[in-house]
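Just so you know, these numbers come straight off a predicted model, no measurement behind them. All chains are named by letter (A, B, ...) in the order of the sequence lines, taking the proteins before the strands, and each is independently numbered beginning at 1.
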There are 2 protein chains.
Amino acid sequence: MATLKQVAAHAEVSVQTVSNALNAPHRLRPDTLERVNRSIELLNYRPNRNARSLRTSAVELIGYCVPDWPNQTHLVMDQFLHALCAAAETSGRHILLFTAPPAVEGMPVYDDLHARRLVDGFVLSQTETHDPRHGWLKEKQIPFVSFGRVWKETTQPGPWVDVDGAAGSALAVQHLYDVGRRRIAFLSWPKSSGLAEDRLAGWRSKCNDLGLPTSGLSVHCGEDTIEEGVRATAALLDSAQPPDGIVALSDILALGALRELGRRGLTPGVDVGVTGFDDSPLAEVVSPGLTSLRQPMDRIASELINILTGTSTGVPAERLLQPELVIRGSSAPG
Amino acid sequence: MATLKQVAAHAEVSVQTVSNALNAPHRLRPDTLERVNRSIELLNYRPNRNARSLRTSAVELIGYCVPDWPNQTHLVMDQFLHALCAAAETSGRHILLFTAPPAVEGMPVYDDLHARRLVDGFVLSQTETHDPRHGWLKEKQIPFVSFGRVWKETTQPGPWVDVDGAAGSALAVQHLYDVGRRRIAFLSWPKSSGLAEDRLAGWRSKCNDLGLPTSGLSVHCGEDTIEEGVRATAALLDSAQPPDGIVALSDILALGALRELGRRGLTPGVDVGVTGFDDSPLAEVVSPGLTSLRQPMDRIASELINILTGTSTGVPAERLLQPELVIRGSSAPG
DNA sequence: TGCGGGTGTTTTAACGTTCAAAAGCCCTGG
DNA sequence: CCAGGGCTTTTGAACGTTAAAACACCCGCA
């Protein structure tokens, strides 16, 4: 494996000149640069990242803790990881995966990775209400950026990127309204997670704006399973005034809604319009296709990386991105 | 951030002694070790991995290319990644993610990561028939291990770990047989991928062993969607002698089977037994639960890491692991 | 008393890179 | 002909660690 020294010898220049050819080519006379580049090419030289990192104390690696929530399906995690990787690579960086206990118990792992210089900083996801990790990292001055707001806080200890769930619900409601729905229900989650509250609020507010009823139209599901979606949908359909549209908090719940509709001989998109959230791979794979709110993964990822690697000013960076409604057969015929 | 030198000064020993305290503690006199450890603790010292890697030329990082197959759902990828991370961490290693073009076009990326010493080696997945990556890496002497055999080759250029798909199908057939099924169909994929052939062969051979019919009972689906599963199942049920059991090549196809059964008023697990493959999160989330073949992810991951990091002998390591049948309501009542 | 051998610790020299500063070169203008 | 300044290139040192060799010390034994 060739080193700078060998390239330098071959090109008959000093080591530093070769280094400059790579890092600051404008400093070299064109003919020197040409000569050095030829030697680099010829010897198939690749800079040793460890040596570079040692000198500059920047590893260009970003830590991401791969979540392990046994009860929750991560249907879009591979999309997220792919986008994150791609975004990191546009600036010559990479993603380092690791595991850690949830919440604050995992923090020593983060600290260790940073202290041993395996990573420059972290991307956090699976943010929870009052997530203690943010404050912890900030206090230790470990760079990070969060995918997901720490909800209900007036000030947030650190930069974040998030998707506007309220706006997403509103989009879904508006779409269902546009195709003629007038009683639009909402399938929600159990515990009042920040995520659920955000999306629920968007539904309620948009319904109000449009003069649509909301009373008796929001149902809380016990967990994020198809079965729960089925149950909740059945309850809605059995009520005195059944809905003609259903906005579900997740694709899984929406799938439950689709199934219950099917069981009753109702046609999704014709008799009742259904939308999901996150545009997971499932949405495309079911029939009829599930109308769902796509998170702008590429944008999310690049904002995360930009914030983390950019020379951030003192004020914390905060980006609220808009989801996109992907319309399929479950909400509109054809 | 404390360095070896500072710890050495604090403990009043040489730098090397501190290094030994960490890497070869048996060389130190107990009292010295104690003293050094106290200083390490006190100064909160963490070894700088870059300096170490530079010196030892081992980064303890394993590359994994995050796949980007837009048409395929990676329902178990997060499980795999989690297991891989955890396995790597048991030997102090970590996973570095990257993106690369598929097949041989991506090889320069692998080469570059290795040459620049960002990783020690690679874990390959999404192996395809006659995958060219294996030979390429072997020729360049870049360490790797493959999750998935290169099918149809008599000899394989490198170590691999795989799950015995044929045995999996056989397990499913045996199970359906045990609960009284006598006409067991198989839902397969389109192109004769090695994976599909393997699983199909297991079904056929097990049916033969049990004296069950196979003729007219294997259907090829156009793609891995619920819709295709529905179509194929419908075709089977419409035939002169419909099956009473269905082994599907994937959970997605199995979901299609479940749906078509439901549409016809047939009860999965009672009228027709259905099994899937991979035990994706979906299997648990549908109702009735989908009987499916779980890949032993933890075992797969630890074998991959062991092979990659172990002092492998000359003979390539090859591990064929057995899947486990997770029985749920789709194949047996209750 | 001297000497071999083990044990514990220190010294020396890298690993491959970049930073800061110094040095060399070449041109221009007085 | 030389001072001065702008390019270009080189020199020296450092980043934090570990491998290998050297060293110091103690013990038992001749």
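- A donor-acceptor contact closer than 3.5 angstrom links the side chains of B/Asn20 and B/Gln16.
- Whole-Å rounding puts the A/Asn23 CG to C/dA20 C1' distance at 15 Å.
- Here the shortest heavy-atom pairing between B/His114 and B/Pro143 reads NE2-CD, 3.7 Å.
- Note on A/Arg29: a side-chain N or O is less than 4.0 Å away from OP1 or OP2 of D/dT9.
- Between the side chain of A/Asp131 and the backbone N or O of A/Glu128 there is at least one donor-acceptor pair closer than 3.5 Å.
- Aromatic ring orientation, A/Tyr110 versus A/Phe122: tilted (interplanar angle from 30° to 60°).
- As rounded to whole Å, 11 Å separates atom C1' of C/dG16 from atom CD of A/Gln6.
- Nearest heavy atoms, B/Ser91 versus B/Ile305: OG-CG2, 4.2 Å.
- Interface residues of residues 37-60 of chain A facing DNA chain D, ordered by number: A/Leu54, A/Arg55; criterion, heavy-atom separation under 4.0 Å.
- Nearest heavy atom pair, residue A/Ala11 against residue A/Ser39, reads CB-OG, 3.3 Å.
- Checked against the 6.0 Å centroid criterion, the rings of A/Tyr64 and A/Phe80 qualify as a close aromatic pair.
- With C/dT10, C/dT18, D/dT9 as the candidates, the nucleotide lying closest to the side chain of B/Val13 is C/dT10.
- Side-chain proximity of B/Asn20 to D/dT11, C/dT10, D/dT18: nearest is C/dT10.
- Within the 4.0 angstrom heavy-atom criterion, base atoms lie near B/Thr17.
- Summarising the geometry, the separation between CD on B/Gln16 and C1' on C/dT12 is reported as 11 Å, rounded to the nearest angstrom.
- Note: CG (A/Leu33) to C1' (D/dT9) measures 14 Å, nearest angstrom.
- When the C1' atom of D/dT18 is taken as reference, atom NZ of B/Lys5 falls 15 Å away, rounded to whole Å.
- Atom pair A/Glu12:CD and D/dT9:P shows a separation of 14 Å (rounding to whole Å applied).
- What separates CG of B/Leu4 from P of D/dC15 is a distance of 13 Å, to the nearest Å.
- For the pair A/Leu28 CG and D/dG6 P, the computed distance is 20 Å after rounding to whole Å.
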